[in-house]
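Data block below; observations after.
Just so it is clear: chains get the letters A, B, ... in the order the sequence lines come, proteins before strands, and each one is counted from 1.
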Amino acid sequence: MKKTEENIENQFGNRKKDQPFKVPEGYFETFAERLMVRIEEEEQPGKKRSLYFYLKPVLMMAASFAFVMLLVYVPIKKFFPSTGKAYLAQQSVNADSIDSISVIPATLISYFSEGQFLEAVSEMKELKSDTFSNDNLADFIAANYSDYDVIANN
Amino acid sequence: MDSSEKELIANLKSDGNRETAFKILVKTYQVRLYWHIRKIVMNHDDADDILQNVYIKVWKNVDSFREDSSLFTWLFRIATNESLSFLQQQKRHSLVSMNEISDYLAESLESDVYFEGDEIQKKLQLAIIQLPEKQRIVFNMKYFDEMKYEEMSDILKTSVGALKASFHFAVKKVEEFLKEERK
């Protein structure tokens, strides 16, 4: 091994003490001072962050949203005052014009076959037009449901 | 451990003289520690950061120093560990394999404005970079710093026999690398 080591030394002459690496001028002279400054900085207790620090992003977003709304809403309101009202008038519907069929939820409809559904709708229209008493209800249930259905559903 | 070192340690652990003792400690070992770190990480800026981290660790943990080894051994052990941790971090961050750590070091060497060696010296450094981590450290400590195996054993917590074997393999590999380069 000694021979191998000597081979390496021979290749580089007697230069292993030559330091190819350098440092910036005055590096070691100023190192201790720089180190003490860093230690002082690290030992200072961290600044406590206020609630505003954490809410800042949310507040900024809300402010930008409000600003954009202001830019859009105010000119529309000022320059086209009738546009908004006209739109609402167009969108408003007469409550009386809504047919009872149209308010039946789609999910409910899916439980029935087409025939059952049409039958139920026609009965609903009949019931709606007539005065409706407890006797009518009892008759309707007796005609359409068995005792088992009534007990099972209760 | 001589009396002056014992006094220095006592002062480092006392509240009154701590800062003065710490400055003495920095001045005493900064040069040797720096060059030890620099040969592991190659680049001056990295070596500077690591050296500062070593002393900050010493400043924070001097009370837990058990004095079962010399200050020199303790400092060198921290410096070696910090340097190796730094290289591991680089490896994790860049998701590179062990071979590419040597690429990283070669790049560091090439880009380091504070490397002023000639082509021959650069070749030797590039050969050393190719060595596995532990062999590289052993090679530097033995070949350049001419450190005793017993001292190295205390710092690296490795038996003298294992260190001799590491150095032997390292020297062989460096020689082979240089032969290949000449072809």
Side-chain angles (χ1 to χ4, degrees), chain A residues 1-69 71, chain B residues 19 22-27 30-31 33-35 38-39 42-45 47-49 51-56 58-60 109 112-125 127-128 139 142-146 164-165 167-179 181-182:
Chain A
M1 187 175 73
K2 198 76 186 165
K3 202 181 166 191
T4 320
E5 201 181 330
E6 279 167 12
N7 283 344
I8 297 173
E9 278 182 33
N10 289 338
Q11 286 181 52
F12 298 100
N14 194 15
R15 303 177 59 191
K16 74 176 181 183
K17 292 285 172 199
D18 291 353
Q19 186 58 267
F21 298 103
K22 300 286 177 249
V23 291
E25 215 177 309
Y27 172 71
F28 289 117
E29 288 74 28
T30 57
F31 177 78
E33 280 170 42
R34 285 187 297 117
L35 178 68
M36 293 316 290
V37 168
R38 193 173 148 194
I39 287 172
E40 271 174 36
E41 280 172 3
E42 289 207 2
E43 287 194 334
Q44 276 173 0
K47 286 176 189 171
K48 204 173 177 181
R49 286 171 171 172
S50 64
L51 185 65
Y52 174 72
F53 178 84
Y54 296 104
L55 288 177
K56 198 177 170 185
V58 180
L59 292 173
M60 293 291 278
M61 248 171 71
S64 334
F65 182 73
F67 181 68
V68 170
M69 283 298 290
L71 279 178
Chain B
E19 198 168 317
F22 185 71
K23 280 179 183 167
I24 293 169
L25 180 83
V26 173
K27 293 272 181 198
Q30 62 177 2
V31 178
L33 282 175
Y34 172 84
W35 289 117
R38 178 78 181 269
K39 283 182 202 126
M42 296 290 164
N43 184 288
H44 165 73
D45 292 331
D48 179 43
D49 275 349
L51 185 61
Q52 287 190 32
N53 291 342
V54 169
Y55 278 117
I56 287 168
V58 171
W59 174 263
K60 285 178 179 170
L109 183 69
D112 191 358
V113 292
Y114 299 112
F115 181 84
E116 293 178 355
D118 54 26
E119 275 307 304
I120 300 170
Q121 284 169 320
K122 192 181 267 184
K123 261 184 197 171
L124 178 61
Q125 289 303 324
I128 297 166
F139 184 88
K142 191 68 197 161
Y143 187 77
F144 290 112
D145 303 339
E146 295 178 340
K164 282 180 178 175
F167 184 60
H168 172 78
F169 287 121
V171 169
K172 281 268 178 203
K173 282 180 191 171
V174 169
E175 194 188 33
E176 277 167 28
F177 181 87
L178 293 172
K179 271 184 195 168
E181 282 288 298
R182 233 181 291 144

**Q.** Partner residues of B:Q52 under the side-chain contact (heavy atoms from CB on, under 4.5 Å) criterion, sequence neighbours left out
**A.** A:F31, A:R34, A:L35, A:R38, B:D48
Q | For B:E119, all residues meeting side-chain contact (heavy atoms from CB on, under 4.5 Å), sequence neighbours excluded | A | B:K122
Please find the pair of heavy atoms, one from [X] and one from [Y], that lie closest to each other, and give the distance.
| X | Y | answer |
| --- | --- | --- |
| A:E29 | B:K27 | O-NZ, 3.7 Å |
| B:Q30 | A:A32 | OE1-N, 4.4 Å |
| B:R38 | A:K22 | NH1-O, 2.8 Å |

Q.
If I measure from the heavy atoms of chain A, does B:N43 come under 4.5 Å with its side chain, its backbone, both, or neither?
A. neither
(Q) Please classify the contact between B:V31 and chain A as side chain, backbone, both or neither, with a heavy-atom cut-off of under 4.5 Å. (A) both
(Q) Working to the nearest 0.5 angstrom, can you tell me the gap between B:M42 CE and A:F21 CZ? (A) 4.5 Å
Q | Max heavy-atom pair count under 4.5 Å with chain A, selected residue of B:L51, B:L109, B:V113 | A | B:L51
Q: Against chain B, label A:E43 side chain, backbone, both or neither, depending on which of its atoms sit under 4.5 Å from a heavy atom there.
A: side chain
(Q) Assess, by modelled atom type and distance only, whether the side chains of B:W59 and A:E42 contain a donor and an acceptor separated by less than 3.5 Å. (A) no
Q. Taking C-beta and beyond as the side chain, do B:W35 and A:V23 meet within less than 4.5 Å on heavy atoms?
A. yes
Q. Taking everything shown except B:E116 itself, do over 12 heavy atoms lie less than 6.0 Å from its CD?
A. yes
